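A short write-up of the structure that comes next.
Chain naming here is simple, since letters A, B, ... match the order of the sequence lines and numbering starts at 1 in each. Just so it is clear, the values below take in all heavy atoms, side chains as well, and ignore hydrogens, waters and symmetry mates. What you see is a predicted model; the values in this text were computed from it and never measured.
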Amino acid sequence: MLDKVMIALKSIGKNKNRNFLTMLGIIIGIASVICILAIGDGFTHVATKGMQDHNTKNKVTLEFTASSDEDTKSGFTRDDLAVLEGIKGVDHVKLTSSNPEASVTVQHQTKKTSATLNKVPKRVKLYRGFGTILNSDDTGNIFISKDLADRAFKGKALNKRLVINDNVYVVSGIYKIGDFEYRPDIYVSKTTFKQLFAGQISQDEARLSVQPSANKKAVGKSAVNEMKKFGEDSKLGKYSISHPDQISKSFTKTLNNITYFVAFVAGISLLIAGIGVMNVMYITVSERRKEIGIRRAFGATAGDIRNQFLIESIVLCVIGGLIGIALGYGVVQIINSFLPFKAVVTTYAIIMSLSVSTIVGLVFGFIPANKAAKSPLVGLLKEE
Amino acid sequence: MLKVTDIGKTYGKFIALENINLEVSDGEFLAIMGPSGSGKSTLINILGLLDQKYTGEYLLKDKSYKDANDNYLSRIRGDQLGFVFQNFKLLTTYSVYENIEVPLIYSKQKQANKRELIEDVINKVGLEGKEKNTPSELSGGQQQRVAIARAIVNRPNLIIADEPTGALDSKTSTEIMDIFTNLNKAGTTIIMVTHDREVADYAMRTVYIRDGHLYNDEKSVKK
């Protein structure tokens, strides 16, 4: 086998330019396949990983959807928590909020406006004011957004007093909200948030940790039923199980469809490349009629000749495929510096590309190789 | 070695060969003479199992291959026959060594044995030191030596040579004919087509062919 590959390499090397141009189609086709698969695989990996964070094993999330859009207070109560924890198969329950901000009314002098409020993150980059931190015990100071400052104070807000839900605070910093950024209008210290605002935020999610032995689905179902019967806010909205699983599945499916489409386009380019290979193999076969005749006279069977040209066609395509993989890998490294996630060239993609090039060589080399094998011997030996 | 009975061959209405009867014994050196278009090449294509479309009977080593399949014929050609052509028919991009190797690729020879066989025939035809050269770097005589080496590397029973000196000057022709004579002395049967009387004189026996008919002596041809 190795000697046959060597023969193939030798005759490919004899017409380097012609064969390189033929390979170009394969190279571009395979490089695109590698890029598409790398982007698709990278994206799927990131997307499904993100989804899985919300949906770890043995967890069921119950959602409460209020009937009224303005209702931000109803959800799961402490009593509901007790009911849920009493369900068979439930290990423990944690109540959370899908929107952990409080909606508040703020007042400066006589002007009232509504705003969103949250506890301060570790650091806030201030636009006006000093420092970046609100300490836990700093209960009298707040940071507000430039937007709120403009609305409530017409700009000059620093060190002024602001009334939030009947308590008075001093604005000790103003921050800007970027174009693609989401931040609440007001940051208060952690202590203040816990004491005065946390209770206002509706607990509209209940995360049930299910015992490993219990059936996740059944537990989820009975939890919904229990809440319908005993939930304190059951008249104000509906309970349901949230399905991050389904989201990720349909998302992956869409992504796959896109991948298939682009792969289809790459397939067409490979088809055209294949026709190029077929053309060059036809030329090779007719140029080498003398060689075929000699080999046949000295014992080569029709099958030997067919294999020789098939191997040549496959070797040609596989070389193209290997160059294509290298090129695709290079392009992936370049596009990785522009992509928000990391495109990865998987072993699967490499194996797939090599198989595709082999198949292109096999399919498009077959007819010319067969022509070579079936040429009548006497005619071949008259060739010079 | 071989026996031909009533062989005929036509191309459409043109009769290329008619009623050919010929017997060649083991170890014989036969020359077939005739002008171009007389049917010489057609006859040796049949004798060399390159052409199976003929009427009559051809037995090689008492065996008919008329209905043999292509694969079997290829094997017989590779194992029992060796061809030498007028224009050498060497693979121009291959080295001397690789050209001689061709018949061994398709035979069942063990790899280890290959080098030995090739070196042996290179010595026999006097091409020592030229193994790595390509045909274009060799003279006509040297190229024909390569072709002879390739024809004998599989140790065939029968060598079929079609105008082996046709492209060579007389001095080189003599050298090539000496090689054939030596091979024949060593026991190889040779059938050679030529239109050169001096070359034919190296053979033990000469037959003549004209307009598709075979004659055993020149007088009958002229009749």
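- More than 12 heavy atoms of other residues, nucleotides or ligands shown are found within 6.0 angstrom of CG on B:N69.
- Using a 4.5 Å heavy-atom threshold, the side chains of B:Y94 and A:I7 count as touching.
- Looking only at side-chain heavy atoms (C-beta outward), B:N87 and A:K290 stay at 4.5 Å or farther from each other.
- Neither the backbone nor the side chain of B:Y72 comes within less than 4.5 Å of any heavy atom of chain A.
- Enclosure of atom CZ in A:F261 is not indicated, since only 12 or fewer non-hydrogen atoms of other residues, nucleotides or ligands lie within 6.0 angstrom.
- Interface residue B:N71: backbone and side-chain heavy atoms are both found under 4.5 Å from chain A.
- By the 6.0 Å contact criterion, NZ on A:K342 is open, its count of non-hydrogen atoms from other residues, nucleotides or ligands being 12 or less.
- A:A300 approaches B:S74 most closely through the heavy-atom pair O-OG, 3.3 Å.
- B:K89 places no side-chain N or O within donor-acceptor distance of the main-chain N or O of A:I294, the cut-off being under 3.5 Å.
- Around CZ of A:F20, the count of heavy atoms belonging to other residues, nucleotides or ligands within 6.0 Å does not exceed 12.
- In this structure, A:F298 and B:A151 approach most closely via the heavy-atom pair CE2-CA, 3.9 Å.
- The environment of CZ in A:F341 is crowded: more than 12 heavy-atom neighbours from other residues, nucleotides or ligands sit within 6.0 Å.
- Contact of B:S41 with chain A is not made at all, since no heavy-atom distance falls under 4.5 Å.
- Under a cut-off of 6.0 angstrom, the local environment of NE2 in B:H195 is sparse, with at most 12 non-hydrogen atoms contributed by other residues, nucleotides or ligands.
- Within a 6.0 Å sphere centred on CZ of B:R75, other residues, nucleotides and ligands contribute 12 heavy atoms or fewer.
- Among B:I105, B:L50, B:L73, the residue making the largest number of heavy-atom pairs under 4.5 Å with chain A is B:L50.
- The greatest number of non-hydrogen atom pairs below 4.5 Å with chain B, out of A:K10, A:R288, A:E291, A:R296, is found for A:R296.
- No more than 12 heavy atoms of other residues, nucleotides or ligands sit less than 6.0 Å from atom CD of B:E116.
- Note: B:D70 CG to A:L377 CG = 7.5 Å, rounded to the nearest 0.5 Å.
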